[in-house]
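Report on the structure given below.
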There are 2 protein chains.
Amino acid sequence: MHDQAVRIKKANSARKGRDINVDLIAVVAAVSDWEPCVLTVGQRDSLPSGPFELSHRSLQSGLRDWVEQQTGHPLGYIEQLYTFADRDRIIAGREQRNISISYLALTRQDAIRMSRTSRWSSWYDYFPWEDHRSGAPAALRLLRPRLLAWAKGADNAAARRERRQRAAIAFGFDDRPWNEELTLQRYELLYEAALVEEAAADPKPSAAASLSGRTMVADHRRILATGIARLRSKIKYRPVVFELMRPAFTLLHLQRTVEALAGRLINKPNFRRLVEQQELVEETGETSLDTGGRPAKLYRFRHAVLDEQAVVGTKLPLSRA
Amino acid sequence: MHDQAVRIKKANSARKGRDINVDLIAVVAAVSDWEPCVLTVGQRDSLPSGPFELSHRSLQSGLRDWVEQQTGHPLGYIEQLYTFADRDRIIAGREQRNISISYLALTRQDAIRMSRTSRWSSWYDYFPWEDHRSGAPAALRLLRPRLLAWAKGADNAAARRERRQRAAIAFGFDDRPWNEELTLQRYELLYEAALVEEAAADPKPSAAASLSGRTMVADHRRILATGIARLRSKIKYRPVVFELMRPAFTLLHLQRTVEALAGRLINKPNFRRLVEQQELVEETGETSLDTGGRPAKLYRFRHAVLDEQAVVGTKLPLSRA
DNA sequence: TCCGCTTATATTCCGGCTGACAATAAACCG
DNA sequence: CGGTTTATTGTCAGCCGGAATATAAGCGGA
């Protein structure tokens with residue numbers, strides 16, 4: 001196909017393709033009181049979002065506009081997550097294709113001026129099985145038999161083994177290690193096993209909510225899972241945690257924040273060693289007395305590392321236990 | 001803002017947003033004769049692409065359709081790369097927004113039936129500074145003074161230092177290690193420094209082509225750089241190389257393939273150790289005599305690892321030298 | 001046939017990073 | 001002033017990754 005032909009073909013279907021709508025949607029994350037939170041809007045839980053319009057200078061600025069409009073505060077750090085094509089839906093009698101471009105945004109919770117309809121909720125309200133800071137959560141123990149039952153329900157022996165193994169890997173059964181990065185796989189597995197409400201034809205709050213977590217509108221919980229997985233992966237090799245910190249913080253604050261995101265505890269001395277030897281932070285000279293015991297030194301992020309290490313390094317001690 | 005209001009707002013701008021066109025675009029990669037290649041179409045170098053249409057079942061299937069139509073062969077492994085919003089352009093007198101959803105596809109070169117207008121080109125025709133398998137390439141030595149001159153041309157001392165440092169990190173100046181994953185940053189730096197043709201107002205093949213590489217249509221070279229960076233990063237923790245291998249291969253074949261992608265050499269015994277201890281492959285029982293010396297055992301990929309390790313592990317020995 | 005060439009395969013050594021644990025320091029509280 | 005709490009420093013063994021070395025198995029020509 002010649003360039004000419006390609007161009008004609010593109011022009012044709014640009015005309016046909018008018019019924020494609022492009023949405024921008026944000027997972028806005030923060031940590032407060034050692035709980036990782038996400039910003040939602042509306043009566044039913046929705047992620048802030050809005051259509052991409054001609055007036056937007058770029059995808060990112062369009063997203064910033066929408067979130068600022070819906071929550072009253074500009075965003076700082078954002079990165080693209082994934083682009084989904086939703087199921088078809090009918091608007092004004094015509095078939096309508098909907099594309100969602102999702103972003104992950106990091107901010108400090110107190111940096112958001114609350115509006116009437118936006119609010120923060122803990123990640124773990126939506127994913128109760130994801131928080132392993134106090135050992136394996138109850139939700140996980142309750143899910144296990146259901147997942148095993150689902151695996152048993154497969155057609156043939158091979159499919160049963162395959163389901164069994166997928167569940168074991170994702171959820172750490174059979175003495176496999178818990179891998180906090182598999183948040184998305186876990187959610188998709190539960191969806192496939194019809195153990196989350198969104199999988200039901202008519203979503204309604206049920207008694208199972210405490211087991212399978214709070215639901216969100218449409219596929220928003222899936223997008224949130226994507227964001228959590230991305231963030232849990234990224235904190236291990238990029239200094240993004242600091243987007244969630246106040247200007248000055250103690251090393252324990254920093255550690256608790258990372259633990260909140262990862263949903264697991266980490267070794268204190270080792271954490272300190274890693275942070276210090278990478279020169280991610282510098283002392284402010286002040287100390288914090290809030291802790292009850294010996295006062296902790298306050299640190300601030302060395303913004304210079306963003307230039308120095310650029311993209312490499314910056315590991316946090318989060319491997320399999 | 002209430003759900004109701006959100007819905008109305010979305011409906012409104014869906015009506016206004018009709019002039020948004022969505023393109024699917026593919027970086028199709030393969031390795032042959034130890035050269036990493038990309039599939040291009042058209043007279044001028046373009047990546048295979050086409051608009052997303054209502055008839056497509058999903059983004060992925062739309063992409064598969066276009067590539068199959070333009071190159072005559074179905075794709076295997078694909079993964080999403082990034083979504084760009086191009087600059088505005090005018091079609092039929094109306095402002096037109098163009099969104100490109102890019103994908104990375106992996107295949108064996110001989111698995112593509114060549115059509116009249118599609119062809120393979122080495123990555124390193126487009127990015128001559130990226131191949132470090134025979135030491136630092138000539139293009140890199142030639143670019144260095146120009147980059148330093150660009151750094152010197154900044155307004156003030158701080159900006160000069162910042163440019164200097166960015167260039168040093170990206171290209172490994174001042175005894176910094178070469179980091180093969182920074183392909184995209186390097187291209188963007190060269191673009192900013194106006195050292196690649198796309199940055200010029202009217203792109204024309206010039207004598208500098210050997211220095212700054214072959215150009216592509218529009219921003220396609222940038223998308224290719226994104227794909228290369230993603231692949232170079234991904235081979236280190238997922239067994240995706242095998243998508244590029246024939247069913248049976250020697251360990252040296254596998255190593256040379258990884259080296260071609262990474263653009264750097266790796267230590268042979270260490271490579272073997274890593275591949276074997278992860279049980280990524282199993283012997284076929286046959287041997288290959290093509291090599292001239294002692295016959296090499298042939299191996300095949302253990303597809304079971306896709307279920308076992310799922311997402312974790314699978315590291316390849318490619319850290320900073 | 002034997003020697004040298006080429007490539008494949010196996011083994012060893014070493015340094016650094018990581019995880020687990022222990023010890024000391026500095027505040028507060030009664 | 002002793003007990004409690006938290007911060008901070010130190011130690012040690014195991015593993016992993018990188019480099020170098022040694023051995024094996026073909027081929028081809030002298």
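Each chain gets a letter, A, B and so on, in the order its sequence line appears, and its residues count up from 1. When reading the values below, keep in mind they use all heavy atoms of this one structure, side chains included, and skip hydrogens, waters and symmetry mates. Keep in mind the model is a prediction, meaning the values are calculated, not measured.
Contact between the side-chain N/O atoms of R272(A) and the OP1/OP2 oxygens of dT9(D) is found at a separation under 4.0 Å.
Atom NE2 in H253(B) sits roughly 12 Å away from atom C1' in dT7(C) (whole-Å rounding). Put simply, NZ on K236(B) is 13 Å from P on dG17(D), counting in whole angstrom units. In this structure, N270(B) places its CG atom 12 Å from C1' of dC13(C), rounding to the nearest Å. Whole-Å rounding puts the I266(B) CD1 to dA20(D) C1' distance at 17 Å. The CG atom of L254(B) sits 12 Å away from the P atom of dT9(C) (whole-angstrom rounding). Look at CD on Q255(B): it is 12 Å from P on dT9(C), rounded to the nearest Å. Remark: P of dA8(C) and CG of L298(B) are 11 Å apart, rounded to the nearest angstrom. If you take CD of E283(A) and P of dA7(D), they are 15 Å apart, rounded to a whole angstrom.
The side chain of P269(A) lies closest to dC21(C) when the candidates are dC21(C), dT18(C), dA7(D). Checking dA10(C), dG26(D), dA7(D) against every side-chain atom of L252(A), the shortest atom distance belongs to dA7(D). Side-chain proximity of R273(B) to dA7(D), dT8(D), dG17(D): nearest is dG17(D).
Few gaps surround CG on D174(B); more than 12 heavy atoms of other groups in view lie less than 6.0 Å from it.
Judged by distance alone with a 3.5 Å cut-off, a donor-acceptor contact links the side chain of R294(A) to the base of dA7(D). Interface remark: the N267(B) side chain does not form any donor-acceptor pair with the dA20(D) base, using a distance-only criterion of under 3.5 Å.
Nearest-nucleotide assignment on DNA chain C puts the 5′-proximal partner with Y299(B), out of Y299(B) and Q277(A).
K268(B) comes within contact range of at least one nucleobase, with a heavy-atom separation under 4.0 Å.
W178(A) carries R186(A) over the face of its six-membered ring, with the cationic atom under 6.0 Å from the centre and within 45° of the normal. Cation-pi geometry between R221(B) and Y187(B) is not met: the NZ or CZ atom fails to fall both under 6.0 Å from the ring centre and inside 45° of the normal.
With salt bridges taken as basic N to acidic carboxylate O contacts below 4.0 Å, one links K297(B) and E283(B). With salt bridges taken as basic N to acidic carboxylate O contacts below 4.0 Å, one links R133(B) and E35(B).
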